[in-house]
Amino acid sequence: MRVKIGDQWFEPTPSQAICIELTSSDKANINAMSEERSRYGAFHDDDHRSDIEMLEWMREGSKT
């Protein structure tokens, strides 16, 4: 698992664990994802990027 926050990717290491707290909506959205998908993004309601810009941000630096 890797997590992108801002423009930095993080992954667990022996000295740095990662925890993600999911809402009920997050869990439902992830459960509904197709098997081909490997990224789930969460954006603030006031984020005015377009859907395409959000997807491009999610793909930047991705290993998949």
Side-chain angles (χ1 to χ4, degrees):
M1 171 188 293
R2 292 188 335 139
V3 178
K4 186 175 186 183
I5 300 172
D7 289 330
Q8 273 192 298
W9 285 94
F10 299 89
E11 56 189 302
T13 65
S15 62
Q16 179 82 30
I18 291 178
C19 176
I20 299 172
E21 185 173 28
L22 302 173
T23 65
S24 295
S25 295
D26 293 328
K27 290 189 271 185
N29 290 334
I30 291 168
N31 189 50
M33 288 173 61
S34 68
E35 290 187 26
E36 302 87 47
R37 303 291 183 210
S38 62
R39 289 180 294 276
Y40 174 79
F43 297 85
H44 192 277
D45 290 342
D46 292 336
D47 191 323
H48 297 292
R49 286 181 269 195
S50 69
D51 290 348
I52 290 172
E53 290 171 319
M54 290 180 187
L55 289 170
E56 287 173 351
W57 174 83
M58 291 170 61
R59 291 181 184 122
E60 289 173 359
S62 178
K63 291 182 178 179
T64 61

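If you read the sequence from its start, that first residue is 1, and numbering goes on from there. Remember, it's a predicted structure, so these values are computed and weren't measured experimentally.
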Pairing residues for W57 by the ring pair (Phe, Tyr, Trp, His ring centres under 6.0 Å) criterion, not counting sequence neighbours:
F43
Provide the full list of salt bridge (Lys or Arg N to Asp or Glu O under 4.0 Å) pairs with a residue in residues 38-47, sequence neighbours left out, each pair given once.
D47-R49
How would you list all residue pairs meeting salt bridge (Lys or Arg N to Asp or Glu O under 4.0 Å) that involve residues 11-31, not counting sequence neighbours?
E11-K63
Salt bridge (Lys or Arg N to Asp or Glu O under 4.0 Å) pairs touching residues 50-60, sequence neighbours excluded, are K4-E60
If you link ILVMFWY side chains whenever their heavy atoms are less than 4.5 Å apart, which other residues fall into the same cluster as I5? By chain and number, please.
M1, V3, F10, I18, I20, L22, I30, M33, Y40
Sorted by chain and residue number, the side-chain hydrogen bond (donor to acceptor under 3.5 Å, both in side chains) partners of S38 (sequence neighbours excluded) come out as T64
All side-chain contact (heavy atoms from CB on, under 4.5 Å) counterparts of S25, not counting sequence neighbours:
T23
Got a sec, which residues hit side-chain contact (heavy atoms from CB on, under 4.5 Å) with S34, two or more places apart in sequence or on another chain?
E36, R37
